[in-house]
Each structure stands twice: as C-alpha cells, then as structure tokens.
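Data first, discussion second: the structure below is written as structure tokens.
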Number of protein chains: 2
Amino acid sequence: MVRLLPLAPGKYIRNVLELKRSAPANELKLKKKILIHDIAKHLDVSIATVSLVLNGKAKEKRISDVLAEKVLKYVEEVGYKPNQLAKSLRTGKTHVIGLVVEDIANPFFATVAGLIEKKILARGYRIIYCSTNDDTAKTRDLLTMFQERHVDGYILALPDGVETDVRALVRSGKPLVLFDRELAGVLANAVVVDGAQGMYEATQHLLNQGFTSVGMVTLQAGQAQMQARLQGYAQAMQELHLPELVLEIAFQQEREQIIAQIQAFCQANPECNALLFATNYLGVYGLEALSRLGRRIPEHMAIVSFDDHDLFRLYSPTITVVAQPLEAMAESIISTLLKALEGPVETGRSTQLQLAPQLIVRESSIRVPEKTRPKTSRTKA
Amino acid sequence: MVRLLPLAPGKYIRNVLELKRSAPANELKLKKKILIHDIAKHLDVSIATVSLVLNGKAKEKRISDVLAEKVLKYVEEVGYKPNQLAKSLRTGKTHVIGLVVEDIANPFFATVAGLIEKKILARGYRIIYCSTNDDTAKTRDLLTMFQERHVDGYILALPDGVETDVRALVRSGKPLVLFDRELAGVLANAVVVDGAQGMYEATQHLLNQGFTSVGMVTLQAGQAQMQARLQGYAQAMQELHLPELVLEIAFQQEREQIIAQIQAFCQANPECNALLFATNYLGVYGLEALSRLGRRIPEHMAIVSFDDHDLFRLYSPTITVVAQPLEAMAESIISTLLKALEGPVETGRSTQLQLAPQLIVRESSIRVPEKTRPKTSRTKA
DNA sequence: AAAGTTTGCTTAAACATTTTAGCATATTTG
DNA sequence: CAAATATGCTAAAATGTTTAAGCAAACTTT
C-alpha cells in the first residue's frame, strides 16, 4: 500500500510514488476499487474538496465552479462511487428502512411491501424486511437487530406485547410508522384502516339486502383492529335491536380446526343467513366450510369478508369484501415516514391516520329473488 | 463533545474527563451509546483484547481464560453491542443478502422470500429486497445498488438482458444464486424447476384421463423456463402423434386482453377439451375466461396450471397444478448460497440444481363418467 | 498603509471497529 | 548461563468517508 508522507503543508510526494506504481498496476486495474483519495490525488486537490463537491456543498463551501465541474467530470469518467459503509459510519445515515410485518408471504403484507418499495426506491431508500409470525420474543429481537443495523426508519405491523420496546424507539427519536395495527398506549405515527366503519357498512349492506340474521366470525385476539371490526358489526346490529351472533376463533389453530368450528357454528345457528369474516383468511376458511356443508352462496348464506384477496375476486360466486385501500395506505405510510426522516426532529408530534375502507359489493351478498333461485335441493335441512 | 487527548502512548487523561462528565450525564446515560473503547477502559485492558475476545479469537491469540471471561461478563452486563457499520467497514462483510425478484407482491416470490428469510435469519443474515418488474434497466440499477451496499450475496430471479452484468458479478467472486430462471450463457449457481418434466407429466395425465385434444396457453417471452414448459407439453403430444394447439400470449398485456384472447382461442378450437397454463396468472385468467364462456370444468374443459395458488386449492372445482416445490427451492437456494458464503472462494465451480415439480391432481382434470355428469345444458354447442 | 473581510481551499479529527505486527516477561532448551 | 521459544497482551494501522475549523492570499475598507 502506498503511503503518503506530508512534506510541506498541503503538498505530497505524489508524482514519485505514482511512477513507481504505474507499471505493474495495469492488469489489476479492474480489481482495484477506486477511492475518493484517488480522485483527489489525480486532480491534485484535497479529499475534502472532492467530498464537498460530491455532496452538493460546493456552493455553500465556496468551491469555485470551475473546480467543482472538473471534479464531477473526473468522477463521472472513472465511475467513482463513494463507499456507502464508510459514509454511513460517518454520517449515521444508512438510507435503509426496516419493514416488520406479521408474514411477508401474506398477500396483504406482500402487496403493501411491493407498493412501499416502489414509492421509496426513487428517494434512495432500500428496504430490509423481517416477519414476526406474531411472536413477541422474535419481534423484540428483530427490533434490536434493526437498531444494530442502524436503519434510518421503521415501518411496523407488530403483535401485542412489544409496547415498551416501541415506546423506547419512539422516545429515541427514530422515525417510525405503525400500520395495520396500532399498539395500545403507544403514541406514534400510525396508518390504520377504520375497521369499525367498514364492518358497520358491511352489516348494514347485508341487512338492507334483507338478510335478517347476520353473524360474525372473528379472532379471539385482543388486537385493537380486530375489536374495532367486531364493534362495527355490533353497532349496526344494536341499532336495529337485532341479536348478535359471534364466533370467536382462538389464535394459533390449524386450518382444519377452524373450518370445523365454522361448520359447527352454522349448524348450531340454522337461522343465520349471512356471515361476516374479520380477516381474509377466516373468509377463505369460511368458503371451505360452507362448501363442505353444501350451502350455496348467497342463497343459503350470504358472505362478506374483510380484506380483499385474489380468491374473492374469482370465486364463483364472487365474494363481497371490505377492501383496505392498499395504495392509499402505502402512500400515507411513505409520506409520514419521509416527513419524519427529512423534516426536523419534532419530537412529541405524531400523526395518526385512519383510512376509510371500501365496501366492494360482489355476488355473495346480493339477495336472489325467490323466483329466480335454482331449484337445487338443499343438502342440509 | 468530549475529546480525548493523547498524553503518553496508549494512555489518555480519562479519569479527569470522566469526573467532569459524571455529574450531569446521568439523565443522558440512556442516550450515550457504549463503545468497545468504554469496555476496554473500564477493565483497563486494550481495545484489541476486547475485540479479540468478542470475535472468538481469544484462544487463538492466547488471551488468558480468566481475562476472556471477565470481558464477556462485563460486555453482557452493560449490554454492549458492536457497531455493525464500523465492523462491516473494517471486515468488508455486511451479513446482508440481496434478493431480486420480478415482484415481491407475487405470491410465488413472496412465499419464497418468506421461506428464505426464515431459514437464513438464524445464520445472522438479513435480507434486502427489490422488485425488477421485468425491467432490464431497473434491474441493472438494482444490481449496482446492491454492490454499493456491499451485500454479501445475491439471490436473483432476473429478466433477460442483464447477462453481462451477472457474468461480471460472478467473475467478481460474489456469492450468488439464480433461481426460477437461469440466464442464457451465464454459468452460475442456479436452482430451477424442471418445467419440461412437469408439463410432460401433466399432459400425459390429461391424455390418460381421456382428454383427446389438449391445448396449451403460454407466454410469448423467450425466457428459458417458459420454453421448457412448452417443450414438455410438445413432447408428450408428439409421442402420441397428436397435433399441438398452442396459444402464445404477448408480454405486458392487460388482464382483459389476455382473457379475451383465451376466450377467442377456446371458440376457435371447439374440439379442444383440456388446457394447460404455463403460469399461475395465465391459469387464473383462464378460469375467468371459461367462466365467462359458461364452460364447466372439467366436463367441458379440463384444466391444469403450472404453479400452485390459493385460488386453485379453493376454487370449485379445485384445480390440478404442477406445483413448484417451494420449500425445497428455498432450502436449496440457501444451502448453495451459504456454501459459497462460508466456503472457500472456489471460483469456476458452480452448482446447477433442477428440482422436480409435483403434479397435484385435483378435480379440474379428472374425467367425469358420462352417466354421472350433471344434465345441465351446454351453454355453447 | 494597516486592518478587516472574503475567497477558495486544506488539515485533521471523527465515525467504531478489526487485525497485524510486535513487545516485554517468563519459560524452556542447548 | 546464554539463547531460543512461549505467553499474554498492546500499539497502531487500516477501513473510506464527512465536516468543523482554520489558513493563506486576495480583496475591500478605513
């Protein structure tokens, strides 16, 4: 390695050393990574000058236009790219966003991840992701991992139980946006969908269609967004003094168990002629359960599910859903995060956004007039 | 900011400064990040010693067990974590893997991404992802971005047109695994699925079921894996001297256009009573097309699609697929990559793996005996 | 003409670590 | 008993940037 010895202030014995290297270096030229130092040496200016020009501080630091131009030209010519690691070490900024979701393979989160990536790439940010699988301990590990990696900001859909960790993160001043779920007692930027409103509208829609006995299938979990969905349904029912019919599925169960419970619920409540599902997965299982019971949709049972899904668009009949506005969510998440990233460190201030979901009415919730119903015999009484 | 002034070699005026700070620092203590320097200072050993112990080189570098123990204990006690950026800068390793896929929101890639994450997390690697959207220029940018970020390895499903870039990457010695698609003329580690075999079996299955006229819907793209799928079908047909019926869909078309083309194809070939689809999306569009034509599956038209999908498992009837072994793919990708990451730089050697897909026979490809067929009137002659 | 200001750049510290080379001291060997 | 070797640790270089502070020279003001 060639070492530069200071001789007189600002002058180095560059030329001599350069000659010594130039002969055998030719073949290795491709391998040798070019440094800011090499740029400076070649142009006979200081490293600082090159750095300032490259970081757009030429004007501010009064580097002459002609020199700035020369630097940029040479940098372009040799294709120099600053080492991001060194840069990050010095500046503390990595331009990496940490994305933590329940499961990246879940279509909802995968879609949001795709949209976020698309929107944030142009701003020079990259995304590093991890899935929590709703495991509190794992989530806690993930959050510290992200801290260790010095991510600039966080986009988080977290399970219960990490409130303290997130509160600490917020206090530390790191830009952060919660989405899909808020955390109880944590004041932070958040982008969520108004599940209560969505389910309220869905229930009213079913009642308006003349389905008299509407039930709801939800998860037992205490997650806030789940409770809101249940509450929207309950309110619509109470307004008409109708009895609520709720099936709460315990967490962490197998597919078959869930389907069996839905089947049992339907059989135990024969009067029930419409069902709401609180998540797309419950909806999917519900379809399977009804299919096994031989009940036709919507003749025997009308269906509305929260969250859209490929299957719902293409199933026969197509399934009515309360769709989350994915595009708008991604947009809100990004703009909130960028504001926090680029804006001043306005600690204490946080933005809570509640987006309206959209009821997409499809075939599964439309009442079929008696006369046009097919005369297929009912499989179950 | 407190500055440390060198006094004698290796000794700093620590104590004085420490006293000056200790009074008002209490509240800020949480903010002040602890450094390796602080550990060394407290134990009155050198930074080097602490570093060696932490990196498991205590034995090798003959640090006494008692001291090593002391260091580990104190590090644990104060919860010191080395700064990854500084570490990466020095070692050149980031423990980050770059994942480049066509679209992270596509269930196939999202699932693979989820499996890869799960398997690699325990090894201390993180994943940073980007979607190409099959755009050559964007892909090229992504690859250089990943290089700039010094990812340790690459997992790539790339569009055509970046062969030169990938070849350069391979030559540079960076660990890399291609998956889903190989690249023409690029010798690199690769994990792909034998589409020819899969489609050959699927075609034979349909012929065995008595479907006499089997057609195939594929993409016009010249991608190798697409050609293989087509070829598998063609071979099965040729072996029985049956005419091939192929619909090639041009790339980058809208959903509705594709559906219309499939509809037209079906009408133009009324004798065709079984269809193969080369990707899950084509299969999904095919279902829509058949549904619009009022053709029943499998009575009027049997269906097999490449690639499994939620929809195919739950559609009525359930759809027979040639499923890619996702779990095995992820496993192979990871083990190949880890071998390259951790093993010696055996340049020139590369592993090509071709996994067998699995034909999952469901209802859509089973011939229904004439007598048990429903007597529903055919919508089209 | 001396003092002050502006201009255009440089010096060197800082970021936080890893790792090579080497230095005393203690022990073993010839 | 001198020389060689082993032991246990440390100093300092290296990684590649950014940026605060500062220094001459040129220009402007009094």
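Bear in mind that the values here come from a model prediction, so they are computed numbers and not experimental data. Every chain is numbered from 1, with letters handed out A, B, ... down the list of sequences.
- Comparing B/Ala48 and B/Leu89 against DNA chain C, the residue whose closest nucleotide sits nearer the 5' end is B/Leu89.
- Counting heavy atoms from C-beta outward, B/Phe146 and B/Val100 have side chains that approach closer than 4.5 Å.
- Atom NZ of A/Lys87 and atom C1' of D/dT19 are 13 Å apart (whole Å).
- A/Ser131 and B/Glu117 are linked by a side-chain donor-acceptor pair at a separation below 3.5 angstrom, with hydrogens and angles left out of the test.
- A donor-acceptor pair shorter than 3.5 Å can be found between the side chains of A/Thr49 and A/Ser46.
- Contact check, A/Thr91 against D/dT18: no side-chain N or O comes under 4.0 Å of OP1 or OP2.
- Distance NE2 (A/His37) to P (D/dA14): 12 Å, rounded to an integer number of Å.
- Put simply, B/Ser51 has no side-chain N or O that comes within less than 4.0 Å of OP1 or OP2 on C/dT17.
- Side-chain N/O atoms of A/Lys61 include none lying less than 4.0 angstrom from OP1 or OP2 on C/dC9.
- As rounded to whole Å, 16 Å separates atom P of D/dG8 from atom CD of B/Glu69.
- Here C/dT10 presents its P atom at 17 Å from NZ of A/Lys57, a figure rounded to the nearest Å.
- At whole-Å resolution of the value, CD1 in B/Ile36 and P in D/dA11 are 14 Å apart.
- For the pair B/Arg62 CZ and C/dC23 P, the interatomic distance rounds to 14 Å; values are reported in whole Å.
- In this model, the phosphate group of C/dT17 is not approached by any side-chain N or O of B/Asn83 to a distance below 4.0 Å at OP1 or OP2.
- Contact between the side-chain N/O atoms of A/Tyr80 and the OP1/OP2 oxygens of D/dG16 is not found at any separation under 4.0 Å.
- Atom P of nucleotide D/dT7 and atom CG of B/Leu67 are separated by 16 Å, given to the nearest angstrom.
- Closest contact between the side chain of B/Val45 and the listed nucleotides C/dC9, D/dT10, D/dT17 involves D/dT10.
- Looking at B/Arg140, B/Lys174, B/Arg171 one by one, the single match for salt bridge (charged side-chain N to carboxylate O under 4.0 Å, His left out) with B/Asp165 turns out to be B/Arg140.
- Distance CD (A/Glu148) to C1' (C/dT17): 14 Å, rounded to an integer number of Å.
- As judged by a 4.0 angstrom heavy-atom cut-off over every strand, A/Ile47 is placed among the base-contacting residues.
- A/Ser64 comes within 4.0 angstrom of sugar-phosphate atoms only, judged by non-hydrogen atoms across all strands, and of no base.
- Checked by atom type, the side-chain pair A/Asp152/A/Thr94 shows a donor-acceptor distance below 3.5 Å.
- Of the listed nucleotides (D/dG8, C/dT17, D/dT18), C/dT17 has the atom at the smallest distance from the side chain of B/Arg90.
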